[in-house]
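Notes follow the structure.
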Amino acid sequence: MQVNLIGPADAQIMLVGDAPSEEDSKTGLPFSGTPGRTLDNLLTQAEIARYKCLLTNVAKEYPPAGRISYFFEDKKCTIPKPKLQYWVDELKADLELYRPNIIIALGPIALWALTGEKKISIFRGYILPCKLVKGLKIIPIYSPQSVTYDWKLYFQTVIDFRKALTHSKFPEIPETKSIFLPNVGLQRFITYMEECMEHPEWDKLAIDVETVQPGSHIEELGLSHHPDFGISIFLLKGRAPALPEKDELLLWQTFAKLITMKKLVMQNGAYDTGVLWFNQHILCKDLYMDTLIAAHVCWPELPRDLGFLGSVCLDVKPWKGGSAKDQDYNPADAANTLGIAEVLDIELDKQKVRPTFEFEMSLIPVALMMQLQGIKVDTEIQAKLIEIWTKKRDKMLSELNTIVGREINFNSSQQMQVLLYDELKLPVQWKRRKSKNQKRTKTVDAAAIRKLSRLVPDNPIFNLFLDYKKANTLLKFLDVKLSENDTVHTSYNITGAASDDEEDTKKTKRSFGRWSSSGSIILPFGSGNLQNIPPEARKMYKARKGWKIIEADYAQAEAVIVAHLTGDHKLKKMFKDSFGLSNSEKTALGYDIHKMTIADMLGIDFSLVTKEIRTIGKTVRHANSYSAGPTVLANRLGIKLSEAKVYMELYHRANPTLRIWHTSIQNDLKRSRTLTNLLGRKHRFLDRWGDGLFRSAYSYIPQSTIGDLLNVALKKVYDSLSSLPYEMEILLQLHDAIYVMIKDENIDHTVRHLRKLMLNPLTYYGEEFIVDVDFKVKTSWAEGEELDISWRSEELKNGFV
DNA sequence: GATTTTACGTA
DNA sequence: CGTACGTAAAATCT
């Protein structure tokens, strides 16, 4: 059935979809099926009354199998068939008749018909002029179908509908008064900087640098004192300097003076300030706002690239990802960063999250220092390790080839599938799916191989294959490029993922407040991420001669937090009683969470718990804390599913508070979809309602609290460096551990110093508690010993506990 | 050549 | 039906 336009003639809003759904074509009404119900939900959230809107589609019929390309001559959907062209003309007539203030293009075909553009992911949220009927304005928004399919789009789509509502009050396209002066000469640029200095009321200054790799040399420098103005100058033309040396010096001198007088604003300032320091030796001391950080704190679940933030915060033309190579790019970035900053400044207070923002801003210097400093590799050990493991790997590879009888690429999952499942006819292992309606896919990952090796015990190929893969992976961590000084570097990302991929706006950004670590663009040496180096590869990170590496990590950190969240009195008491004791004292007195777990589960005496039984306790607690299932437990312990189920039930009987806590988390989510960790960091969970969402939420408070707790301490350690009577290098941040390097004679002082800075009380429902810290003294990142210090008497004096 | 999929390292 | 993160190689798309 044909589905025609409906709605009141005086409507201010018109919704245009791509084509009716199958259900719509039965009822003859647009947006009446399942996506229609999603649309209702979205409109309600945005406070738009559906009955006041005109509803229609570009295509008026449901295409066979829902494939919109049916209405086009070509696959790429650029040349419409006559029928579709007729409908487009009909749409044009409707637009001329009703002339709504805003037309919402719900999907790529609607966007194409109305504006000629295709990429909804780039243009969504931006106000565009209508090409079909001049003088009307369009806002592209993800279709309800896309939201139904990918629930993570929900929140930003509601924001877009709210923007549409605002624009429905008036017909005009907001005029852009922006002035962009790209690529100006030296005189003009310096005059501008002087003008800024003469106007103290222009209190904010946005800075944006474009760089060329390798080396992150500054190619273009953009400035803006007002959201409607941006200016830029080129420092490089290709690889050659664009300015005479004298002129460039004058430029940087003026710039250095200017930045001391302004509140500085940047997008991802850790990078720009890093480059300015590394290449120009200009220190941006007080960054007023990093819009990446502000956006992360306000909307941790949304993308944070400038294009997205512009679409949400501003009423400007889309300036990112457009087809034309725009020379305004850099000055527009600077101006829009300033505009976004003004919006976020208000949003931070509205959401009452400024303390978290200030905290994250204060971490920029320490994160940057750690990136630029890097950590040193012992090249002799590195060479030796590479040699050993290359030999081992090659030997295993030739053995594998002999067994198989021909050469295959064991790194190819496809070739492995052919070998194992087609030729050897082994039982196919399927990959775990996120939901039942996902398609089943085969897998040959390590877990699958281990399962096969249990099913076919006498075949050596499985273990050989696993060992080969291990060696191969390890070599990637060993065989890395080093800087001139034999160092490797990593970029610590305070907001988690750097997130500047403009294409992939679908991916919601999580970031639970923990730092992530990725390859440094400024100093591209090492394997990039330094938070996932395996133990064997850690051997090549040696302490300097006469120095030691101190590892300080929070003891049983997540378990302590969970004990308090769940109100598990017995466990809380155990942690409190064992606080400040040495490890040998803890062992002697039986303060062992995993032993306690299994003893309680089985109702046996502590003394009867063997090492093997303890492992069961450890694994069961772990599985349950994160709400894993019995299958996982069975696999991990190598036991029957039925046995695993019994263990899980025994655990819950001994620890009844866990399930109650899980229920309370679900209730919190139901109320606001928002959780707040013990240090005030908020996170809104936007995934589709269900177990996946719950599991993610259960892990949020423990994980993010520890992340923040560690960074509070890290900041204190950084701030203490200048007043320490000896040299200390901060080497690594590993989520719940800090690594520093000091001379041998300073071990004692360092340990006391770190402990004091790291023991910071947490509060939950009025009850204060402290997560204990363990120390190791190491000769390399891998090798060293645990310190067995009893702090109890010492700290009783100092008023701890 | 660019993007997606698969697998795997850490906390 | 642990989660969080980033990277590399293979596979696939254009």
Side-chain angles (χ1 to χ4, degrees), chain A residues 75-76 300 408-417 430-436 438-439 441-449 465-466 469-480 490-493 495-499 501 503-504 506-520 524 526-538 553-554 556-558 562 619-633 635-636 648 662 683 685 687 690-704 706-707 710 732-738 781:
Chain A
K75 236 185 175 173
K76 283 187 164 180
I408 66 170
N409 182 356
F410 289 93
N411 296 317
S412 158
S413 52
Q414 221 171 39
Q415 292 181 36
M416 280 308 287
Q417 280 175 24
W430 301 98
K431 198 162 81 177
R432 233 198 73 225
R433 290 173 295 178
K434 284 208 180 79
S435 76
K436 273 182 195 160
Q438 269 182 324
K439 178 168 104 205
T441 49
K442 294 174 189 172
T443 180
V444 287
D445 65 14
I449 302 296
F465 171 73
L466 287 173
K469 285 275 285 241
K470 249 219 148 93
N472 215 16
T473 313
L474 177 61
L475 276 162
K476 302 213 177 67
F477 290 101
L478 295 170
D479 199 1
V480 294
T490 192
S491 164
Y492 283 108
N493 311 310
T495 60
S499 164
D501 52 349
E503 238 6 58
D504 197 6
K506 279 186 165 184
K507 222 188 268 168
T508 45
K509 308 299 168 184
R510 290 177 186 284
S511 186
F512 279 23
R514 306 208 302 192
W515 285 7
S516 79
S517 153
S518 57
S520 165
S527 57
N529 184 352
L530 263 188
Q531 287 174 328
N532 72 339
I533 308 292
E536 179 72 3
R538 293 180 178 191
D553 66 322
Y554 283 114
Q556 302 281 1
E558 292 199 14
V562 171
T619 316
V620 174
R621 168 171 293 279
H622 206 236
N624 274 310
S625 292
Y626 298 109
S627 159
T631 322
V632 175
L633 185 65
N635 280 338
R636 185 121 347 142
M648 295 211 119
H662 281 172
H683 190 93
F685 292 80
D687 287 313
D691 283 351
L693 174 72
F694 299 153
R695 267 199 303 279
S696 178
Y698 300 152
S699 63
Y700 170 69
I701 295 180
Q703 227 182 66
S704 73
I706 294 304
L710 185 90
L732 288 159
Q733 194 268 30
L734 287 186
H735 304 307
D736 67 353
I738 297 173
W781 184 0

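Residue numbering restarts at 1 for every chain, and letters A, B, ... go by the order of the sequence lines.
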Task: Intra- and interstrand pairs of DNA chain C - dot-bracket, Watson-Crick/G-U under 3.5 Å, | marks other strand - done: ..|||||||||||.
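Atom pair A/I449:CD1 and B/dC8:C1' shows a separation of 14 Å (rounding to whole Å applied). Remark: C1' of C/dA9 and CG of A/D479 are 15 Å apart, rounded to the nearest angstrom. Spacing between atom CH2 of A/W515 and atom P of C/dG6 amounts to 14 Å, rounded to whole angstrom units. Nucleotide B/dC8 holds its C1' atom 13 Å from the NZ atom of A/K431, rounded to whole Å.
Under the side-chain hydrogen bond (donor to acceptor under 3.5 Å, both in side chains) criterion, A/S520 pairs with A/Q371, sequence neighbours left out. Qualifying side-chain hydrogen bond (donor to acceptor under 3.5 Å, both in side chains) partners for A/D553, counting only residues two or more places apart in sequence or in other chains: none.
Among C/dT12, C/dG2, C/dT7, the nucleotide with an atom closest to any side-chain atom of A/H622 is C/dG2. Nearest to the side-chain atoms of A/L734 among the listed nucleotides C/dT12, C/dT3, B/dA11 stands B/dA11. The listed nucleotides are B/dG9, B/dC8, C/dA11; the one nearest the side chain of A/D445 is B/dC8. Checking B/dA7, C/dG6, C/dA8 against the side-chain heavy atoms of A/K476 singles out C/dA8 as nearest. Among the nucleotides C/dG2, B/dC8, B/dT10, the one closest to the side chain of A/A446 is B/dC8. Comparing B/dA11, C/dT3, B/dA7 by their closest approach to the side chain of A/K469 singles out B/dA7.
Between A/T443 and B/dT6, a side-chain N or O to OP1/OP2 separation shorter than 4.0 Å is absent. At C/dT3, one or more side-chain N or O atoms of A/R695 fall inside 4.0 Å of OP1 or OP2 (strictly under the cut-off). OP1 or OP2 of C/dA10 sits under 4.0 Å from a side-chain N or O of A/N409.
Contacts of A/S517 with the nucleic acid, taken as non-hydrogen atoms under 4.0 Å apart, involve only primed sugar atoms and P, OP1 or OP2. Within 4.0 Å (heavy atoms only), A/P535 reaches sugar-phosphate atoms of the nucleic acid but no base atom.
You won't find any donor-acceptor pair under 3.5 Å spanning the side chain of A/N529 and the base of C/dG6, going by distance alone.
Using modelled atom types, one finds no donor on one side chain facing an acceptor on the other under 3.5 Å when comparing A/T495 with A/N493.
Between A/F465 and A/F410, the ring planes are tilted. Angles from 30° to 60° get that label.
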